[in-house]
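This report concerns only the one structure given below.
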Number of protein chains: 2
Amino acid sequence: MRIGELAKRARTQVETIRYYERVGLLPEAARTEGNYRVYGDRHVERLSFIRHCRELDMSLDEIRVLLRFADAPDASCAGVDALLEEHIAHVTHRIETLQNLKRQLQNLRKACPVAKDVRQCGILNELSAHAQKMPDTPAQHVGGTHGIRKGLSGSVKK
Amino acid sequence: MRIGELAKRARTQVETIRYYERVGLLPEAARTEGNYRVYGDRHVERLSFIRHCRELDMSLDEIRVLLRFADAPDASCAGVDALLEEHIAHVTHRIETLQNLKRQLQNLRKACPVAKDVRQCGILNELSAHAQKMPDTPAQHVGGTHGIRKGLSGSVKK
DNA sequence: CTTGACCCTGTAGCCGCTACAGGGTTTTTA
DNA sequence: TAAAAACCCTGTAGCGGCTACAGGGTCAAG
């Protein structure tokens with residue numbers, strides 16, 4: 001099968017497959033005479049594995065580690081569990097941070113319950129005040145609220 | 001004051017200030033004879049405003065909108081409140097997504113409660129299975145679990 | 001023999017910075 | 001007064017995880 005069919009079967013985009021090959025998540029594919037990549041079922045499986053991990057918000061580095069485990073069938077899988085546990089910790093931490101954030105935003109919103117002119121707007125005033133007491137978003141290993149994850153369903157056009 | 005002091009006062013990095021100037025969040029600064037940027041207290045205020053918004057995980061685009069409000073003191077501040085409400089919705093949505101994710105990860109972890117060899121590892125096996133039933137992470141306007149937010153406290157070296 | 005679907009490589013862009021390289025200017029110290 | 005240190009400048013490249021071109025080549029059907 002060629003790259004287009006692999007893409008369909010693993011619900012990926014063609015460019016993403018080439019990208020994964022470039023960064024070493026997928027092995028270099030064999031080629032036809034016309035220089036087209038050719039794939040087999042094992043590639044579908046590996047790519048689905050990667051995509052599944054991405055849906056679980058793992059980083060490509062984490063996935064690389066998992067793939068190394070999967071490629072060494074005699075090793076113990078204790079490390080797999082450990083990686084998962086750590087990943088869960090990241091997610092948990094991110095949830096806490098965001099809940100904190102949400103609370104602050106809601107408080108901020110209370111500062112201006114009715115539409116006035118900008119000069120008197122409590123929200124803008126609070127934002128202008130030096131935000132000294134904020135408990136320093138710890139922020140390791142954690143992404144933002146924004147910035148569309150294009151890889152998974154997003155399909156943002158033009 | 002020069003850029004270094006502004007950075008200290010607004011708890012930012014010098015490069016970030018230049019970056020904000022480049023992308024139009026801060027106006028172009030006046031210069032000394034030696035071509036150094038010079039700032040006043042108004043700049044400290046504006047930069048603190050921006051940083052405060054960033055701590056609340058707003059995107060630079062959202063901040064741009066807020067700044068436009070702040071710069072038009074006679075307009076109504078209704079839009080400010082609306083923007084905030086929308087931003088809270090983003091955050092809420094992201095929290096829900098992550099909670100979903102966490103549940104899935106915890107289930108996955110149950111699939112392999114004891115260390116075996118990789119061949120029998122329930123986690124890897126589940127990840128290999130085609131993940132058809134996943135409720136398609138909606139994923140608009142939402143960042144990942146990973147990918148250090150360097151701007152806020154991170155200070156990642158070398 | 002042309003159309004169109006598919007494929008190729010390579011490069012640039014997204015966000016919000018960070019981190020250089022390779023210079024210039026100002027301040028402090030010896 | 002000169003040298004060293006601290007600060008500043010511009011410009012460019014990099015991070016992750018892709019996406020989206022441009023500008024071509026290949027292959028099957030009509």
Side-chain angles (χ1 to χ4, degrees), chain A residues 1-8 12-26 28-39 47 50-51 53-55 57-64 137 139-158, chain B residues 1-8 12-26 28-39 47 50-51 53-55 57-64 137 139-158:
Chain A
M1 112 192 57
R2 291 181 309 194
I3 201 169
E5 208 193 323
L6 174 59
K8 241 168 245 158
T12 317
Q13 291 201 240
V14 166
E15 289 93 340
T16 305
I17 297 174
R18 287 197 282 249
Y19 170 74
Y20 285 165
E21 186 182 309
R22 218 167 46 243
V23 300
L25 277 175
L26 292 173
E28 287 193 35
R31 301 289 182 126
T32 66
E33 283 178 20
N35 199 31
Y36 287 8
R37 289 171 179 83
V38 237
Y39 299 97
L47 183 52
I50 296 171
R51 287 274 95 193
C53 292
R54 288 292 299 135
E55 280 166 21
D57 232 354
M58 296 182 201
S59 71
L60 294 192
D61 271 347
E62 285 173 326
I63 297 170
R64 246 181 283 266
T137 331
Q140 354 92 320
H141 208 44
V142 158
T145 303
H146 302 280
I148 302 169
R149 302 190 66 57
K150 294 168 187 170
L152 303 172
S153 90
S155 159
V156 180
K157 285 156 208 170
K158 262 280 175 182
Chain B
M1 112 193 57
R2 292 183 308 194
I3 201 170
E5 207 193 324
L6 174 59
K8 240 169 247 158
T12 317
Q13 291 200 241
V14 166
E15 289 93 341
T16 305
I17 298 173
R18 287 197 281 248
Y19 171 75
Y20 284 165
E21 185 181 311
R22 219 167 44 243
V23 299
L25 277 175
L26 291 173
E28 286 192 36
R31 302 288 182 127
T32 65
E33 284 179 20
N35 200 32
Y36 287 9
R37 288 171 179 83
V38 238
Y39 298 97
L47 183 52
I50 295 171
R51 287 273 95 195
C53 291
R54 288 292 300 136
E55 281 165 22
D57 232 354
M58 295 183 200
S59 70
L60 295 191
D61 270 348
E62 285 173 326
I63 297 170
R64 244 182 285 265
T137 331
Q140 353 94 320
H141 208 43
V142 157
T145 304
H146 301 281
I148 301 169
R149 302 191 66 58
K150 295 168 186 170
L152 302 172
S153 89
S155 164
V156 179
K157 285 157 208 171
K158 263 278 175 183

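- A donor N or O paired with an acceptor N or O is found under 3.5 Å between the base of dT26(D) and the side-chain atoms of Tyr36(A).
- To the nearest angstrom, P of dA6(D) lies 14 Å from CZ of Arg2(B).
- For the pair Gln13(B) and dT18(C), the criterion of a side-chain N or O lying under 4.0 Å from OP1 or OP2 is met.
- Across the interface with DNA chain D, nearest-nucleotide mapping of Thr32(A) and Glu15(A) shows Glu15(A) to be the residue nearer the 5′ end.
- Although no hydrogens or angles enter the test, the distance criterion places a donor-acceptor pair under 3.5 Å between the side chain of Glu62(B) and the main chain of Ser59(B).
- Along DNA chain C, the nucleotide closest to Glu33(B) and the one closest to Asp61(B) are compared, and the more 5′ of them pairs with Asp61(B).
- Contacts of residues 16-26 of chain B with DNA chain C (heavy atom under 4.0 Å): Thr16(B), Tyr19(B), Tyr20(B).
- Among the nucleotides dC9(D), dC8(C), dG24(C), the one closest to the side chain of Arg37(B) is dC9(D).
- Heavy-atom nearest nucleotides on DNA chain C were determined for Leu60(B) and for Ile3(A), and the one closer to the 5' end corresponds to Ile3(A).
- Remark: side-chain polar atoms of Thr32(B) are paired, donor with acceptor, to backbone N or O of Tyr36(B) under 3.5 angstrom.
- Checking the phosphate oxygens (OP1, OP2) of dC18(D), a side-chain nitrogen or oxygen of Arg51(A) falls inside 4.0 Å.
- Between dG24(C) and Arg31(B), no contact under 4.0 Å exists linking OP1 or OP2 to a side-chain N or O.
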